[in-house]
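Labels below follow one simple rule: chain letters A, B, ... track the order of the sequence lines, proteins then strands, and each chain is numbered from 1. Hydrogens, waters and symmetry mates play no part in the numbers below; they use all other heavy atoms, side chains included.
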Amino acid sequence: MTTTSGRTNTPATQYKVVGTRPIRHDGADKVTGRARYGLDFNVVGLLHGKILRSPHVHARIKSIDTSAAEKLPGVKAVVTARDFPANPKGQPIDFAEAGADVRVLAENIMAGRVVLYQGHAVAAVAATNEHIAEEALGLIKVEYEVLPALLDVRESMKPDAPLIHEKLTTFFTKDRQGRGENTGVKSNIATHLQFKRGDLATGFKEAHVVVEREFTTSMVHQGYIEPYVSTGQWGKDGRITVWTSTQNPFGIRASTAAILGVPESTVKVVSMEIGGGFGGKQPAYLDPVAAMLSKKSGRPVKIVMTRKEVFDSTGPASGSYLRCKIGATKDGRITAAELYLAYEAGAFPGSPIAGGAMSSFGPYKVENMMVEGYDVVVNKPKVQAYRAPGQPQTNFAVESVVDELAQKLGIDPLEFRIKNATDEGDLMPSGMVFPPMGLKQLEEAMKNHDHYKTPLTGPNRGRGIAVGYRFNGGGVSSATINVNDDGTVALVTGSVDIGGTRTSVAMQAAEVLGLRAEDVTPTVVDTDSIGWTGTTAGSRVTFDTGLAAITTAEEVKRLMIARAAKIWEVPPAEVAFKDGVFTSLKNPNDKLTFKQLAARLRATGGPVTASAINGSTGVGPIFAGNIIDVEVDPETGKVQILRCTAFMDAGKAVHPSYVEGQLQGGTAQGIGWALNEEYFLTKEGGMANSTFLDYRMPTALDLPLIDTVLIEVPNPRHPFGLRGVGEVPIVPPPAALANAIARATGARLTKLPMKPGTIWEAVEAHKAATKTKK
Amino acid sequence: MADKVRVQSTINEETVDFLCEPRQSLLETLRDVLGMTGTKEGCNDGNCGACTVIIDGRMVTSCLVLGVEASGKKIETIEGVSQPDHLHPIQQAFLEGAALQCGICTPGFIMASKALLQVEPKPSEERIRLWLAGNLCRCTGYDKIVRSVQSAATKMSGERR
């Protein structure tokens with residue numbers, strides 16, 4: 001177990017590199033401004049693109065006149081949906097059809113017939129500089145017929161609600177992945193998901209105490225600091241190059257090619273350094289548009305979103321409506337649990353209801369359970385992944401109700417959780433069986449922590465806890481290793497490094513090869529230069545790309561052993577490799593260090609290089625917990641966080657500093673989601689607060705030091721025992737804060753964000769209700 | 001398009017002459033005219049601090065200053081912080097303290113921290129948090145940034161002694 005502040009009490013490990021804290025390989029470039037991000041890309045002849053966006057949340061496009069813009073000096077190209085082959089006539093999308101996805105992607109990046117949210121793109125311009133491009137946007141005339149808007153998930157679900165997509169019908173599924181069956185019912189509900197086991201009525205009958213509450217959460221944004229950017233070049237040979245900052249280069253390649261109607265092999269995506277993503281930087285919003293403007297103008301085109309465009313037109317996280325009901329016996333055993341979740345998908349289907357449903361009751365043994373999720377279209381931007389997609393919302397509901405239940409039963413909230421905790425062999429809400437995991441160890445660590453054992457005193461103060469769960473599948477990654485003459489190695493991958501994964505992957509290769517982390521030079525390359533690699537998301541890069549690096553390093557090891565065997569004229573089986581030294585078993589005086597052997601490679605048969613492509617073994621389950629102390633100002637409702645300790649079962653922390661960083665950063669985002677952040681809508685339904693001044697993310701002044709505790713229950717699916725640590729830390733903070741506020745004030749907050757006004761109202765209502773009761 | 005204006009200023013201790021349009025911000029001038037892309041753009045409206053530079057000793061967001069205003073001024077950017085053979089103690093502390101994840105806000109935080117330690121060599125945690133409140137970081141939760149600034153301050157005041 002390790003904690004921050006430089007205090008480490010990790011027991012001596014069997015590893016030499018894994019678990020240490022080397023300086024990251026890209027560090028010097030990033031602290032000196034040398035690292036090149038998407039915005040830093042430049043090339044001779046570059047044009048600047050700008051996108052005209054809908055001011056309406058829902059409207060029919062009657063006409064678009066681009067002639068005046070085209071005539072403006074300096075303008076080199078103008079495009080609209082008609083230029084894109086995926087849906088040139090803007091026909092309504094048939095969501096029941098197989099392969100409808102490309103048309104959804106195409107419609108979302110350039111509206112054909114209707115605009116479905118404020119900020120929906122309708123035309124784009126390329127000009128010699130961005131100011132001229134912006135002027136040109138003002139010369140494009142778009143005639144709209146405004147249509148009724150649906151902005152609330154419950155309004156949109158009503159049977160008599162106007163349909164946002166005329167061909168959308170509800171699918172019903174019991175499977176977390178499958179599409180399910182088409183009910184044929186026309187609706188704004190794209191999917192109805194159901195996880196069910198046991199019998200709810202029996203379970204609730206058995207309960208002595210039942211708590212049921214409704215919750216709502218606002219749409220929030222990932223808030224990455226670097227805006228979306230892409231530069232596209234349509235070469236005279238028909239080959240397209242895209243320089244962009246994305247989590248998902250191969251995904252950008254696939255969707256750019258599909259939207260442009262060209263073979264995937266003609267598109268090369270060069271991933272620049274990325275300035276944050278948190279799940280949000282995966283779709284190709286700009287790349288096909290930049291490429292199409294390049295095709296028309298014959299020059300490379302760069303498009304940079306403004307911050308307003310990032311808020312209005314990229315994918316945020318779903319706002320939601322939830323209802324949670326849990327029953328328990330007097331002695332604190334949960335007998336039944338029910339959760340209803342309806343998520344805003346935005347303009348097109350695809351909200352993370354499966355993630356939310358899978359996470360929900362994960363930390364609890366529940367025999368009688370029902371989770372029902374609804375994916376609902378509304379006139380807002382199409383949502384995207386945001387760190388543990390869909391899970392902070394359900395966790396807020398479940399952990400609030402669990403806390404209230406424990407309170408009503410007079411049981412310590414942590415004891416209540418430990419008593420009902422799931423373990424290996426138990427069922428997840430989805431019906432899958434839990435593999436080995438560290439939930440109980442995590443909860444015990446929370447219980448035994450100095451923070452939990454130190455009483456919190458003083459008026460208007462409260463301590464809240466919550467535990468969050470995340471399950472990840474994983475994906476494919478590739479790696480190549482080239483051995484250099486000086487005994488260092490070059491490690492090449494396709495996994496965009498969003499937070500230090502060059503180093504955490506390199507460390508695993510170093511461990512296998514008996515090298516130091518510094519002896520491995522990791523590079524992330526373009527889509528033509530490495531095997532197919534899945535997205536940098538789903539907490540999977542250190543895990544999956546680490547696996548690819550390990551497999552590749554094992555192959556390098558095998559080749560190096562073979563070479564030593566050749567030199568010593570013995571069979572390879574008679575060469576041992578330990579701690580970076582090759583030794584002949586036959587003649588133990590024959591020894592070569594990795595470095596010595598590397599120097600002899602070229603003269604003894606040629607250089608050594610190896611590549612591997614790996615499917616995932618499954619990142620598996622991961623748990624995180626928070627203990628948070630707050631003080632609530634009774635006059636204003638403002639929450640001050642007094643102390644915050646974040647816990648996570650990391651399996652094995654490859655680079656503990658960066659694992660702590662994930663835990664601290666995720667906790668901070670969760671705190672922002674809980675207390676401040678929301679899409680505040682105008683009367684017409686557009687976002688009113690689309691700047692960083694008004695969309696209030698936590699600053700250094702809003703947060704305390706975040707102490708971290710890493711529990712290490714090894715994951716048997718990975719040779720070094722890793723779990724995927726990126727996402728789960730964002731899950732528990734909203735509930736932990738709600739629980740802390742409830743204990744400080746007596747008022748249960750059921751609406752995110754818990755901003756001062758909301759808290760003040762809840763506290764006043766609680767006071768009034770308490771008075772009436774007396 | 002207005003005529004370009006000739007501007008002379010001192011950037012990272014070198015006299016620099018350049019032409020910029022009157023409507024171009026200093027950020028745009030640094031990045032697009034001078035090719036100095038170490039100063040980052042996050043919001044272009046003064047709210048994220050990624051473009052922080054130091055002008056005549058004062059910390060400013062360069063997106064809210066015009067390029068022409070740089071005339072006659074002394075400007076420090078991230079490109080001028082390190083020495084040819086070693087990093088600045090703040091840069092070194094950020095690396096050792098793992099104070100960056102994606103790194104896009106890092107140049108801004110380093111410039112802001114440098115401006116702080118120039119006026120207050122030994123700031124408290126609270127002072128650091130207040131001073132850095134204009135710089136947004138979405139990755140780290142600020143914990144490791146605050147600790148790294150503290151550690152740089154300790155190291156730098158040791159060097160001065």
Side-chain angles (χ1 to χ4, degrees), chain A residues 4-5 21 23-24 26-37 39-40 42 74 129 131-132 222-227 273-278 304 306-307 498-500 655 657-658 660-669 671 691-693 697-703 705-708, chain B residues 1 21 23-24 28 31-32 35-48 50 77-79 81-82 87-88 90-92 94-108 110 125-126 128-147:
Chain A
T4 44
S5 337
R21 301 176 189 241
I23 301 280
R24 62 191 283 173
D26 53 344
D29 277 356
K30 284 181 175 165
V31 297
T32 55
R34 252 174 50 99
R36 290 177 41 131
Y37 293 76
L39 251 71
D40 304 334
N42 200 356
N129 72 42
H131 303 286
I132 295 173
Q222 298 85 356
Y224 35 78
I225 305 298
E226 173 200 46
E273 295 300 330
I274 185 169
F278 313 105
V304 183
T306 62
R307 185 51 57 178
I498 206 162
H655 191 308
S657 297
Y658 286 94
E660 292 158 7
Q662 290 298 317
L663 186 48
Q664 291 166 331
T667 303
Q669 283 188 318
I671 291 170
T691 68
F692 275 148
L693 182 63
M697 308 197 308
T699 70
L701 198 55
D702 298 317
L703 296 173
L705 290 172
I706 299 166
D707 271 318
T708 58
Chain B
M1 202 198 329
E21 290 178 41
R23 65 180 168 186
Q24 284 183 301
E28 202 184 326
R31 291 178 55 84
D32 296 349
M36 299 173 71
T37 55
T39 303
K40 299 302 176 194
E41 175 186 327
C43 68
N44 225 0
D45 56 14
N47 287 307
C48 78
T77 72
I78 188 68
E79 285 90 349
V81 174
S82 62
L87 295 171
H88 188 279
I90 299 174
Q91 293 172 317
Q92 191 61 34
F94 270 57
L95 287 188
E96 285 168 9
L100 59 147
Q101 285 175 31
C102 81
I104 195 83
C105 69
T106 308
I110 288 172
E125 184 198 331
E126 191 62 19
I128 294 171
R129 289 187 178 278
L130 179 63
W131 187 279
L132 297 179
N135 290 74
L136 293 175
C137 170
R138 191 58 156 171
C139 293
T140 64
Y142 305 102
D143 183 294
K144 291 187 190 303
I145 293 176
V146 171
R147 291 182 201 266

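- Between chain A and the residues B/Leu132, B/Thr106, B/Leu136, the most heavy-atom pairs under 4.5 angstrom are made by B/Leu136.
- Between A/Thr32 and B/Ser82, the shortest heavy-atom contact is CG2-OG, 4.2 Å.
- The CG atom of B/Asn44 sits 12.5 Å away from atom OG1 of A/Thr691, with the distance rounded to the nearest 0.5 Å.
- Proximity to chain B (any heavy atom under 4.5 Å) is shown, for A/Leu693, by both the backbone and the side chain.
- At a 4.5 Å heavy-atom cutoff, A/Thr667 makes no contact with chain B through either its backbone or its side chain.
- Side-chain contact check for B/Glu21 versus A/Asn129: some heavy-atom pair is nearer than 4.5 Å.
- Judged by distance alone, with hydrogens and angles left aside, the side-chain atoms of B/Arg138 form no donor-acceptor pair with the main-chain N or O of A/Gln669 at under 3.5 Å.
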Output, in order, the C-alpha distance, side-chain angles, deciding distance and verdict of side chain to side chain contact (heavy atoms under 4.5 Å, CB included) for B/Thr37 and A/Arg34.
CA-CA 8 Å; B/Thr37 55; A/Arg34 252 174 50 99; over 6 Å; no
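- From A/Thr699, atom OG1 reaches atom CG of B/Leu130 across 9.0 Å, with rounding to the nearest 0.5 Å.
- Using a 4.5 Å cut-off between heavy atoms, B/Thr140 touches chain A through its backbone atoms (N, CA, C, O) alone.
- Proximity of a side-chain donor or acceptor of B/Glu41 to a complementary backbone N or O of A/Leu39 within less than 3.5 Å is not detected.
- Proximity to chain A (any heavy atom under 4.5 Å) is restricted, for B/Ile110, to the side chain, taken from C-beta onward.
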Derivation of the side chain to side chain contact (heavy atoms under 4.5 Å, CB included) call for B/Cys139 and A/Tyr224
CA-CA 8 Å; B/Cys139 293; A/Tyr224 35 78; over 6 Å; no
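- Nearest heavy atoms, B/Cys102 versus A/Tyr37: O-OH, 2.7 Å.
- Checked by atom type and distance alone, the side chain of B/Arg129 pairs as donor or acceptor with a backbone atom of A/Leu703 at under 3.5 Å.
- In terms of heavy atoms, A/Phe692 sits closest to B/Asn47 at CB-CB, 3.7 Å.
- With a 4.5 angstrom heavy-atom cutoff, B/Asp32 touches chain A only via side-chain atoms.
- With chain B as partner, the option from A/Gly27, A/Gly666, A/Ala668 having the largest number of non-hydrogen pairs under 4.5 angstrom is A/Gly27.
- We find that B/Arg31 and A/Asp40 are joined by a salt bridge, their nearest charged nitrogen and carboxylate oxygen being less than 4.0 Å apart.
- A/Thr306 does not touch chain B: none of its heavy atoms, backbone or side chain, sits under 4.5 Å away.
- B/Leu87 touches chain A through its side chain: at least one heavy atom from C-beta onward sits under 4.5 Å away, while N, CA, C and O do not.
- Between chain B and the options A/Ala700, A/Gly275, A/Gly665, heavy-atom pairs under 4.5 Å are most frequent for A/Ala700.
- The structure places CD1 of A/Ile274 at 13.0 Å from CD of B/Gln101, a figure rounded to the nearest 0.5 Å.
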Walk me through it: do A/Leu705 and B/Arg147 pass the test side chain to side chain contact (heavy atoms under 4.5 Å, CB included)?
CA-CA 9 Å; A/Leu705 290 172; B/Arg147 291 182 201 266; 4.0 Å; yes
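- For A/Gln664 (side chain) and B/Gly141 (main-chain N/O), no donor-acceptor pair under 3.5 Å exists by modelled atom type.
- For B/Asp45, the part lying near chain A is the side chain, with the backbone staying farther off; criterion is any non-hydrogen pair under 4.5 Å.
- Between chain B and the residues A/His655, A/Lys30, A/Arg36, A/Glu273, the largest count of heavy-atom pairs under 4.5 Å involves A/Lys30.
- Judged by distance alone, the side chain of A/Arg24 and the main-chain N or O of B/Leu100 form a donor-acceptor pair under 3.5 Å.
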Under the side chain to side chain contact (heavy atoms under 4.5 Å, CB included) criterion, do A/Ile23 and B/Glu96 qualify, and how do the steps go?
CA-CA 6 Å; A/Ile23 301 280; B/Glu96 285 168 9; 3.7 Å; yes
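- For B/Ala50, the part lying near chain A is the side chain, with the backbone staying farther off; criterion is any non-hydrogen pair under 4.5 Å.
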